[in-house]
Structure formats: structure tokens, C-alpha cells
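Contents: one structure, followed by commentary.
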Amino acid sequence: MAEKVVTRFAPSPTGYLHVGGARTALFCWLWARRTGGTFILRIEDTDQKRNTPTAAEQVMADLRWLGIDWDEGPQVGGPGGPYLQSERTDIYDKYVRRLLDEEKAYYCFETPEELGALRKEAEAQKRGFVYPRPEHFPTAEDAEKARARGRAVTVRFAVPQDEPIVVQDLVRGEIAFAPDDIGDFIIQKSDGFPTYNFACVVDDYLMKVTHIIRGQEHLNNTPGQQALWRVLFADGPLPKYAHMSVTVSDAGGKLSKRERPKALLAAIKAMPDIDTNKLAEVGGLTVEQLQAFIGGKATPDMPSIDAMANSLGVQLPEINIVDFFRSGYLPETMVNFLALLGWNPGDDREIMPVDELIQSFDLSRLTKANSLFDRQKLIAFNTEHIRMLPKQKLLGHLRDYLEVIASPVVAADDELLSRIIDLCEGARTLADIERKCRFIFMGSDRIEYDDKAVKKVLLKGDGLDTLQSVRDELAAMEEFSEDKIENMLRSLAEQRSVGLGKVAQPLRVAICGTTVSLPIFDSLSLLGREETLERIATTLQRFRV
RNA sequence: GGCCCCAUCGUCUAGGCAGGUCUAGGACACCGGGUUUUCAACCCGGCAACAGGGGUUCGAAUCCCCUUGGGGCUACCA
């Protein structure tokens, strides 16, 4: 490895970091870390219409949560800065100027409508559309005049037509493109901003990027970018390309952020009588906006989608990295799982800490075929990472999680939380842990009884009777410890010649409202005798006829 | 429509580049059993794949071609 590796992740800040982007970032990062190279974060915010001011911050926060740090980029600086493309327009202008002067690029004046018509025509003739290059390039004066007439002016790169463009891809090998299939693409938009295909070439060169690792969706852009690089930077060796397979969704097609609104919409439509006024309010929308959403005409932003889903109790598929955080997944899990989406170490290892991932990572082992994002396997990975992670780290993650979901369990101190973790062996997500212990922190007046649980264990059979006996025994106990509670419950079950479950379940529902909680003996001792007795009394009163 | 990529169990994949050791290995899921105070977890066992057709070769999951299927791109988005 003679040359120092430089990789970059170049997201456009349009919202949260989603799994696809996170995987790209991870691969770039892993390769840089593996080789002792440099990992750059560059924000591609050249689309004035789509940028939201906080999106870049959000993306960076999400990367940090995953443990992906950058050596150069926003917040840390570096020799190739600035790292926001919107702050580099003078650089791009310079190169556009040069290309124009050398007649390797030219002005165009078509409107989007006119271009659209041309495209349609090409398709009707079963041809691929390529922009028809004019015989004589318009002059600078022509451009001025057009501008003065209010015409939109763009600049196109004249793709050299002399020979096939051959891309050497680290994953797919040699891929040849016919130059006349590529067509002169726009490098500068009418608002003066560069297009992605232009800015990324200039920046990759200036930032000395050696390896471009990105999704396969960029494969078709590559010949054009490569041609541009050759014309612009004849002195610089081409970067190496590695196009990763696409991650597809179980819903079919590329995993997309649109899946969340789609899932919510489907859920709303499945609900016969829904209070649109209330729902609109929850989502911070006007009723008209909500109707537009339901009618498929508009899509509200993510926080709004989340809020509505939450109030309806609908579980949306996780797509963004924060979604996984909120569902109780560990960053260690995500990193491990994402790494295995399109890469593997070549042996049977699957569950790996990040250090091992870095050690094992190699671009030569990227997979060619698309892979499906398997949520069940993700859960299995999370279970394993929860088990493996050092206690202190897990505790930290749990605390972050509790804060973000605003759980009442945040009230617990570290010692208590640590004990709870011990009692949750086998938990699949942090949400499992939270769900099992939240009853302790709820306050007896706020217990919500789960209908199904109540029917099944209290109302059916002699659940209430059993509960009454349990209560009497508990009240009579001298010492309220786990051991004593266990002895008592076991002998009670024996007396009644039933399994422990028959005794424990009514009790569980009485103190938590559900059939799922920490082990029953610990649940009781954690709650304390007084609170336990009170909850049982409340339950008996409420459900006894 | 055009261009490009891909193809091993339901899913992720190992093996393919250097054909025989592959009656195809692992993991998740699933099914059966065990353990059990709930949910999980855990233990044991099982089911399950080289898309189809042609070549090349003594021999093909592995190399070549075609078909079929899946995916991506086709913007003054990135």
C-alpha cells in the first residue's frame, strides 16, 4: 500500500441519515481506518431547494452515534476545506470558466420543458436520450443576451467522443461505456450552482480522494465523471472506484425513506373511523394538509410522520439511523449489521465488534449482488450485542435511549439500572428492557391494564381468587425479600396444586398491568411491599364483580 | 424505451477469479423437542439452494453464450 488511502462520504443534507447512507459512510470509514488513511466528510449541499439548515447537523450527529468519526470535514476542518460545497462555488466557477474557455464545455438555453419534450421523443423512437451537441458553441455574448431575455442558462460538459470510456471498478471489474451513450451533461445549473456530477469530481481531486466507495446507483454517473476528470486533471491519476450493491427492502425495490410515510398512510387507511382533526393536530398539520397526505398529494416531514404514527400506535419500519436508536438498537449492532450488508470477512464470523470489523475489512470482499435488509436478523444481532457489550457501555446506551424516548425509567440511578440490566438477560432491544421495568416508575395510579392480559389471567379461571390469597400471604410476611417471596409463592402454588405460573401471572398483571415484566420475585421486591399491596388492592377492586 | 449491474437454501452469504476435495458450509428465519414464574434467552434435532437452456471439458455451482428473472440509472437531485 504505497499511497495513503483517502476516502470520503458525501451526503446531501436532505434529512436524517438513513441506513443506505450509513452503510456507505461505514464502508468508506472502515477502509480508511483499516489502511491508516484519511476519512473525509463532505456535505453536498448544492441543491438550493432541498437543503434544510439542520439536516447536515443531524447527519453528523447520526454518524457520531454510530461511532463514525471523520478526519476532515465540518466541525473538524482540514487542508481541503471548506467542506460544504455551498461554500466552494468560487472554486467550481473557476473550473467551469476554464472548460468554457477551452471549448470543452458550452452554454445551453433550453427550458426543462423543452428538454422533457426531447426526451419523450427519443423514447418514442426507442432511443436513449442524449443532448444534441450544437455544431458551434454559443459565445459568452450569446449567453449574456439569453440571460437578458430572461432565459435560463446552463453549462454542459462536452464529453470526448473519441473512444469508449472504461471504468475499472474494484467490485465489478472492467465496464465499458460507449461515449455517445453518455451525452453532454449539465455541470452548472442556471442558478449558478454546480451539479453533483461536476462538484464531486472537482472536490475529489482537490481533496486528493483515492477511493470512491459508493452505491451502485452511481455506476452510470461514473463514465461521465471519469471523462471530466481526465479533461480537467490530466495530471492526476484517477481515483479507484468501488460500487457497492444496493440494499433492497422487503417492501421491494431500493430501501427508501419514503417507506415510513407509506406505512403510515396504509395504517391510516386501514382504520375505518379516524379522527382527522385530532390526527392533524398531533402531526402539527392543518386538516387540509392531512387530507392532502391521505389523498397521496403531499408528504409531511419526518417529525410529523413520527408523531402521528406514535399517537396511532403504529409501528413504522425503521429506515433512518435515529429510527433504530429509538427502537432500542445499539450502535454496535448497526455498525456490525451494516458492514455485513454487501461485505463479509470470508469466513463464518458474523457477530463482530468494530475493532474486528476494521481488522478484517477489505474492498476485495465486497459482494456484487443486491442484499435485502433483514430485520429479523438485525434483532438477532442486537440480542447478541446486548449480551456481549461491557456493562458500563450498555448502561450508557440505555440511559441515552431512556432520555430520548422520555421514559419514566430515567429516574433510576445507575445502580438500579445496572440491576435491571442483569435481570433482563436475553433482551432483544433496549425497548425490551424499558418495557419490563417501567411499571416500577409509573406510579400506581398510572398503571394501564392490558385488556387481553386482564381477560386471560384475571377474569378467566380463578385468577382473582388466587390474587386475593397472594395478597393475604404477602401482607402477612415478616420479611419482604426475593427469597421469602419466592418460597411463599412456590408453596402457595403447591398448596393449590398448580404451576407457579398460575400464581405469578395474576400477580404480575396486578402490579404492572401486563403479562410481561422482570422476573416476578424481583418485580415485587423492587416495587416494595406497600406499593405491591396497594396495586393488588386496586386491581381486585376494579375487576371483582 | 435506452444504458448498466446482478443471479447458491425463505433471507444474508461461503465456495467462483487459480474447474475435481461441494452427496454445497455457516448465520437468521421456520418446524420438532427440551428448559421455564411472563416475555425473551438458552440447549438438542430437522427442513431447505447452485434460475432455465446450450456449449467448453475426462469432469462445471465454478469458464463462455443465450433465455428468464431481479435491481439501478435515465433531472438545471445527489
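Any value given below was found using the heavy atoms of this structure, including those in side chains, with hydrogens, waters and symmetry copies removed. Below, chains carry the letters A, B, ... as their sequence lines are ordered, and counting in each starts from 1.
- Among the protein residues, E110(A) comes within range of the nucleic acid bases, having at least one heavy atom under 4.0 Å from a base atom.
- Ring pair Y205(A)/W229(A) is perpendicular by interplanar angle, where above 60° counts as perpendicular and below 30° as parallel.
- Using the six-membered ring where Trp is involved, H385(A) and F381(A) have ring planes that are tilted, between 30° and 60° apart.
- OP1 or OP2 of A75(B) lies within a sub-4.0 Å distance of a side-chain N or O belonging to R119(A).
- Comparing C77(B) with C30(B), their C1' atoms sit 42 Å apart, to the nearest whole Å.
- Straight-line distance from the CZ atom of R508(A) to the C1' atom of U37(B): 6 Å, rounded to whole Å.
- Comparing the same atom, C1', in C65(B) and in U57(B) gives a spacing of 16 Å after rounding to whole Å.
- Here T46(A) lies in heavy-atom contact (under 4.0 Å) with sugar-phosphate atoms only.
- Ion pair R119(A)/E123(A) not flagged as a salt bridge, since none of the NZ, NE, NH1 or NH2 atoms sits closer than 4.0 Å to an Asp/Glu carboxylate oxygen.
- Whole-Å rounding puts the K452(A) NZ to U38(B) P distance at 18 Å.
- Atom name C1', nucleotides C22(B) and U13(B): the rounded distance is 16 Å, in whole Å.
- Nucleotide G46(B) has C30(B) as its partner under the Watson-Crick or G-U criteria, with both atom distances under 3.5 Å.
- In this structure, U38(B) makes no Watson-Crick or G-U wobble pair, since no nucleotide meets both defining distances under 3.5 angstrom.
- The same atom, P, is picked in A49(B) and in G72(B); the two are 28 Å apart, to the nearest Å.
- With a 3.5 Å ceiling on both atom-pair distances, the Watson-Crick or G-U wobble partner of C73(B) is G2(B).
- Nucleotides U8(B) and A27(B) place their C1' atoms 15 Å apart, quoted to the nearest Å.
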Summarise protein proximity over nucleotides 3-18 of chain B in one line of letters, 5' to 3': B for base, S for sugar-phosphate only, - for none, counting protein heavy atoms closer than 4.0 Å.
BSBSS---SBSSS---
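- Here the two rings, on W343(A) and F27(A), have centers that are 6.0 Å apart or farther.
- Looking at heavy-atom distances under 4.0 Å, H243(A) makes no contact with the nucleic acid at all.
- A centroid separation of 6.0 Å or more is found between the aromatic rings of F198(A) and Y95(A).
- When Watson-Crick and G-U wobble pairs are counted only if both distances are under 3.5 Å, U68(B) pairs with A7(B).
- For the pair R156(A) and Y131(A), the cation sits on the ring face: its NZ or CZ lies under 6.0 Å from the ring centre, inside 45° of the axis.
- No salt bridge links E121(A) with R127(A); every basic N to acidic carboxylate O contact stays at or beyond 4.0 Å.
- The P atoms of C5(B) and C9(B) are separated by 22 Å, rounded to the nearest whole Å.
- When the P atom is compared between U74(B) and C31(B), the two are found 42 Å apart, to the nearest whole Å.
- Using a 4.0 Å heavy-atom criterion, one finds that R387(A) contacts the sugar-phosphate atoms exclusively.
- Distance alone, capped at 3.5 Å, is enough to place a donor-acceptor pair between the R375(A) side chain and the E318(A) backbone.
- Shown for residues 195-203 of chain A: residues whose heavy atoms fall under 4.0 angstrom of RNA chain B, namely T195(A), Y196(A).
- Considering only side-chain N and O atoms, K49(A) lies nowhere under 4.0 angstrom from the phosphate OP1 or OP2 of C76(B).
- Remark: side-chain polar atoms of R172(A) are paired, donor with acceptor, to backbone N or O of H243(A) under 3.5 angstrom.
- Using a 4.0 Å heavy-atom criterion, one finds that A152(A) contacts the bases of the nucleic acid, with or without backbone contacts as well.
- OP1 or OP2 of C39(B) has not a single side-chain nitrogen or oxygen of R428(A) nearer than 4.0 Å.
- If you measure from atom CZ of R147(A) to atom C1' of C76(B), you get 13 Å, rounded to the nearest angstrom.
- Panel note: side chain T195(A), backbone I186(A); a donor-acceptor pair is recorded below 3.5 Å.
- Put simply, T383(A) has no side-chain N or O that comes within less than 4.0 Å of OP1 or OP2 on A40(B).
- In this structure a side-chain-to-backbone donor-acceptor pair under 3.5 Å is present from R529(A) to L474(A).
- Comparing G1(B), U37(B), C39(B) against the side chain of F521(A) picks out U37(B) as the nearest.
- Judged by atom type and distance alone, S190(A) reaches the base of C76(B) through a side-chain donor-acceptor pair under 3.5 Å.
- Base engagement by K436(A) is indicated by at least one non-hydrogen atom pair under 4.0 Å involving a base atom.
- Pairing for C58(B) is with G20(B), a Watson-Crick or G-U wobble pair whose two hydrogen-bonding atom distances lie under 3.5 Å.
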